[in-house]
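As structure tokens, the structure follows; a few thoughts come after it.
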Amino acid sequence: MRPKEHAKRKASDGVVDFRTWDRHNMPATSPTSAATWTNERIELLKSHFHAGLSCREIAADIGVSRNAVIGKLSRLNLTRGPKREERSVDKSTARALRTLRRLQYEMLDAIYDEAETPLAHAPIDETNRCSLLELSENRCRWPISTPGADDFCFCGNASPDGQSYCTGHARLAYRPNGRARLVRG
DNA sequence: CCCTGATTCGC
DNA sequence: GCGAATCAGG
């Protein structure tokens, strides 16, 4: 992905390519207060990045342009290079993994939106984790980590009445989408 | 055409 | 350091 090394022109040079100007560079927020990278925004950026959100999604949530996100990630030496567990799988599987991670993240994010002390309301015991083969009717099937990862396992806590999840994870699982959807522009 | 992330370089 | 312009590619 190496851009050619010639013909770099800026709008200030009087040369603007109106063919591509630019649906990807939606203006950020109010131009009033110089929207710079505060610590909070950087933390949001990192969080969303590690959650597998796309740069556009991150940008929409933070309120900056997509290029701003990409530029900042680049400066932070954060990249979306092939992850170890995704390197050798086919594309559709890799895509499914990304989707799963994003969904898990959105569930947690929804919890954070509603509860000030999320973990206190949904105590999750980590001591009963088990493998796929160890699952049973009364064991929580909430996936831990990423499928295919070395440490992938299931919650394994007691789940009442043979339900799929323990009480804590049921709260995560059966929550309607509480996150504002992105608006395409 | 839509989109994605990556890079360059004027500011 | 920031990010618009532009790239390569799905």
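Chain A is the first sequence line, chain B the second, and so forth, proteins listed ahead of strands; every chain is numbered from 1.
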Closest to the A:Trp37 side chain: B:dT7, B:dT4, C:dG3?
C:dG3
Taken to the nearest whole Å, CZ/A:Arg66 to P/B:dC2 is 13 Å
Atom CZ of A:Phe49 to atom C1' of B:dG5: distance rounded to whole Å?
10 Å
What nucleotide, of C:dG3, C:dC2, B:dG5, holds the atom closest to the side chain of A:Thr36?
C:dC2
Partner set under ring pair (Phe, Tyr, Trp, His ring centres under 6.0 Å) for A:Phe49, not counting sequence neighbours
none
Map every base of DNA chain B to its dot-bracket character, where paired means a Watson-Crick or G-U wobble contact with both distances under 3.5 Å and | marks a partner outside the strand.
.||||||||||
Spacing of CG belonging to A:Asp61 relative to CG belonging to A:Leu53, to within rounding of 0.5 Å:
7.5 Å
Euclidean distance, atom CG of residue A:Leu73 to atom P of B:dA6 [Å, nearest integer]:
8 Å
Could you check how far CD1 of A:Ile70 sits from C1' of B:dC3, rounded to whole Å?
11 Å
Think A:Arg80 has a side-chain N or O under 4.0 angstrom from the OP1 or OP2 of B:dA6?
no
Is any side-chain nitrogen or oxygen of A:Thr79 closer than 4.0 Å to OP1 or OP2 of B:dG5?
no
Could you list the cluster mates of A:Ile70? Members are the ILVMFWY residues connected by side-chain heavy atoms closer than 4.5 Å, either directly or through other members.
none
Among residues at least two apart in sequence or on other chains, which ones pass side-chain contact (heavy atoms from CB on, under 4.5 Å) with A:Pro160?
none
What pairs with A:Cys130 under side-chain contact (heavy atoms from CB on, under 4.5 Å), at least two apart in sequence or on another chain?
A:Glu134, A:Leu135, A:Arg139, A:Phe154
Whole angstrom is fine here: how far is it from NZ in A:Lys72 over to C1' in B:dA6?
17 Å
State whether A:Ser65 places a side-chain N or O below 4.0 Å from either non-bridging phosphate oxygen (OP1 or OP2) of C:dA4.
yes
Separation of A:Ile58 atom CD1 from B:dA6 atom P, in whole Å?
11 Å
Could you identify which residues cluster with A:Leu133, counting Ile, Leu, Val, Met, Phe, Trp and Tyr as linked when any side-chain heavy atoms lie under 4.5 Å apart, either directly or through a chain of such contacts?
none
In whole Å, what is the span from the CG atom of A:Asn77 to the P atom of B:dA6?
12 Å
Applying a strict under-4.5 Å side-chain criterion to I, L, V, M, F, W and Y, I'd like to know whether A:Leu100 and A:Phe152 cluster together.
no
Nearest whole angstrom, please: distance from the P of B:dG5 to the CD of A:Glu57.
8 Å
Whether A:Arg75 contacts C:dC2 is assessed here as follows: a side-chain N or O lying under 4.0 Å from the phosphate OP1 or OP2. Is that the case?
yes
